[in-house]
**Student:** 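Sharing a structure here in structure tokens format.
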Amino acid sequence: MDSFIIRGPCRLSGSVRISGAKNAMLPLMAATILTGGRCTLRNVPRLRDTRTMMKLLDVLGVPSSLEEGTLDVDASSVGSFEAPYDIVRTMRASIYALGPLVARFGRARVSMPGGCAWGPRPVDLHLKGLKALGARIRIDHGYIDASAERLRGGQIVLSVPSVGATVNIMLAAVLARGESVIENAAREPEISALAGALRGAGAAIEGEGTSTISIQGVESIAPFDVAVIPDRIEAGTFAAAAAITGGDVELTGCSPEHMHAVIDVLSACGASVEQGPGTLRVRGPGRIAALDVDTGFYPAFPTDMQAQIMALLCIADGASTIVEHVYPDRFTHVPELRRFGARITLDGSVAVVAGVERLEGAPVMATDIRASSALLLAGLVADGETKVLRIYHIERGYEGIEEKLGALGADIRRVPE
Ligand code: EPZ
């Protein structure tokens, strides 16, 4: 397991190109199963999760190849309906295979995803949705067994606007007989991107981006050729890196229109954020201003940026409060940030961060994708050497992050273990 060594403090400057969004790419890759043909995805990031989903598709008999950011997927002949535990346990989004397999073939056997670094992550809403479309669901030896002669349209009200459940239900409903309506659907841009791709392939979908999505089932959909939207969380992470180092960074190939809440919070921290078409220019303040942040469902401030903004607030002028409303226990980064000298107290889903003048470099452990990026941010601004262990977590969600940070002036190098 490789590590990163970072020497700080540094001040980032220059331009960085934002990659395609992991959380838009994964549903699109699963959607190819519905088409029965050869699909193309462009602007695909080279991530560990990209390879994991390619491996899962391959196990299902759907070969793919990734060249220079273009992914070709041949879904003309699915040979298996089982997503095995050893793949699902490494990437929760493997469960996206469930909806399309049942919709197109009437059967699927997908391992229950385990928990993750910060605790249980249920899939009850995925299963409730598929049942509402007529699927028979059985849990058997840690696997979800789903079957249906032909899915039929249904009404689903999600108790939580779950991204994953909305994806799975959409992918199932597209080929169901009749109309489906998803109430309290997730409104993320990645959902809208999926709906756009499915509509372009012949699906009848309305309402994406709102809390109510209606889908009129069709007999089949055609293969699609789409570009993956920019990664708003990668962009937010680099914007936070510019802010925490007091730097001046231009983000290109990004989507400011998907980042209003993040831009608002960074501006409230004192950063200067200038929006352009597909670009953001972020300049850090002399001192980060303390503030209170609540995470929430899109378009609120994303939980996937909570760890990164906490890193920023560790050196703020005063005390800040972060309330985590999506995953109340998503704080595995807190003990690691404390190793830099950060002063953070936790009370349930509330973190209080008392800003300090300086952080000190330290050896720390990556635990999940976003917590790991927060440790990189702290290492950029800490005095001395930081070693981030188990960086495979970072590689799941950030394409070439050490090259991108190095090009902006960071002193970062990879150390093979
Ligand atoms: C997606 O996960 C993202 N992953 C996560 O990003 C992100 O943190 C999360 O949405 C929230 O924005 C991908 O898109 C691949 P949810 P997902 O279902 O779909 C509860 C990253 O770093 N819930 O929207 O698993 C759940 O416990 C990852 O890129 C149920 O109760 O999240 C949580 O409280 C980490 N039952 C809330 O909904 C269910 O069946 C939101 O979860 C499903 C979810």
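Just so you know, ligand 1 is whichever comes first in the structure, and atom 1 is the first atom listed for that ligand. Heavy atoms only: backbone and side chains are in, while hydrogens, waters and symmetry mates are out.
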**Student:** Is any NZ, NE, NH1 or NH2 atom of the basic residue among E190 and R232 found under 4.0 Å from an Asp or Glu carboxylate oxygen of the other?
**Tutor:**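 Result for this pair is yes, salt bridge flagged.
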
**Student:** Find out whether the Lys NZ or Arg CZ of R187 is both under 6.0 angstrom from the six-membered ring centre of Y298 and within 45° of the ring's axis.
**Tutor:**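 Checked: cation-pi criterion not met.
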
**Student:** Examine the side chains of Q306 and H333 and answer whether a donor and an acceptor come within less than 3.5 Å of each other.
**Tutor:**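 Yes.
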
**Student:** Using a 4.0 Å cut-off to any heavy atom of V326, which atoms of ligand 1 qualify?
**Tutor:**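 Result: 33 (C), 34 (O), 41 (C).
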
**Student:** Please determine whether a side-chain nitrogen of the Lys or Arg among E395 and R48 lies less than 4.0 Å from a carboxylate oxygen of the Asp or Glu.
**Tutor:**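 Salt bridge between E395 and R48, a charged N being under 4.0 Å from a carboxylate O: yes.
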
**Student:** Determine whether the side chain, the backbone, both or neither of D124 has a heavy atom under 4.0 Å from any heavy atom of ligand 1.
**Tutor:**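 For D124, the contact with ligand 1 is made by both the backbone and the side chain.
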
**Student:** Can you tell me which portion of P122 lies within the under-4.0 Å heavy-atom range of ligand 1? Options are side chain, backbone, both, or neither.
**Tutor:**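 The answer is both.
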
**Student:** Enumerate the atoms of ligand 1 whose separation from the nearest heavy atom of H126 is less than 4.0 angstrom.
**Tutor:**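 So the atoms of ligand 1 that pass are 40 (O).
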
**Student:** Just which atoms of ligand 1 are under 4.0 Å from any heavy atom in R330?
**Tutor:**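 Those atoms are 8 (O), 22 (O), 35 (C).
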
**Student:** Which ligand 1 atoms does G164 reach within 4.0 Å, using its non-hydrogen atoms?
**Tutor:**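 Atoms satisfying the 4.0 Å criterion: 18 (O), 19 (O).
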
**Student:** For ligand 1, is any non-hydrogen atom under 4.0 Å from E190's backbone (N, CA, C, O), its side chain (CB onward), both, or neither?
**Tutor:**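 Neither; nothing of E190 gets under 4.0 Å from ligand 1.
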
**Student:** I'd like to check which ligand 1 atoms, numbered from 1 as shown, lie under 4.0 Å from a non-hydrogen atom of R370.
**Tutor:**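 So the atoms of ligand 1 that pass are 21 (C), 22 (O), 29 (O).
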
**Student:** Is R199 salt-bridged to E206, going by a charged N under 4.0 Å from an acidic O?
**Tutor:**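 Not counted as a salt bridge, because no side-chain N and carboxylate O are separated by less than 4.0 Å.
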
**Student:** Give the contacting part of Y298 toward ligand 1: side chain, backbone, both or neither, where contact means a heavy-atom distance below 4.0 Å.
**Tutor:**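 It is neither part, as no heavy atom is under 4.0 Å.
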
**Student:** Can we say E250 and R281 salt-bridge, meaning some charged N sits less than 4.0 Å from an Asp/Glu carboxylate O?
**Tutor:**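 Salt bridge flag = no for R281 with E250.
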
**Student:** Of the backbone atoms (N, CA, C, O) and the side-chain heavy atoms from C-beta on, which set of V160 has a member under 4.0 Å from an atom of ligand 1: side chain, backbone, both, or neither?
**Tutor:**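 It is the side chain that touches ligand 1; the backbone stays farther off.
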
**Student:** At a non-hydrogen distance cut-off of under 4.0 Å, which region of V163 contacts ligand 1 (side chain, backbone, both, or neither)?
**Tutor:**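 Both backbone and side chain.
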
**Student:** Of all residues at least two apart in sequence or in a different chain, which pass the salt bridge (charged side-chain N to carboxylate O under 4.0 Å, His left out) check with D329?
**Tutor:**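 With sequence neighbours excluded, D329 shows a salt bridge (charged side-chain N to carboxylate O under 4.0 Å, His left out) to no residue whatsoever.
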
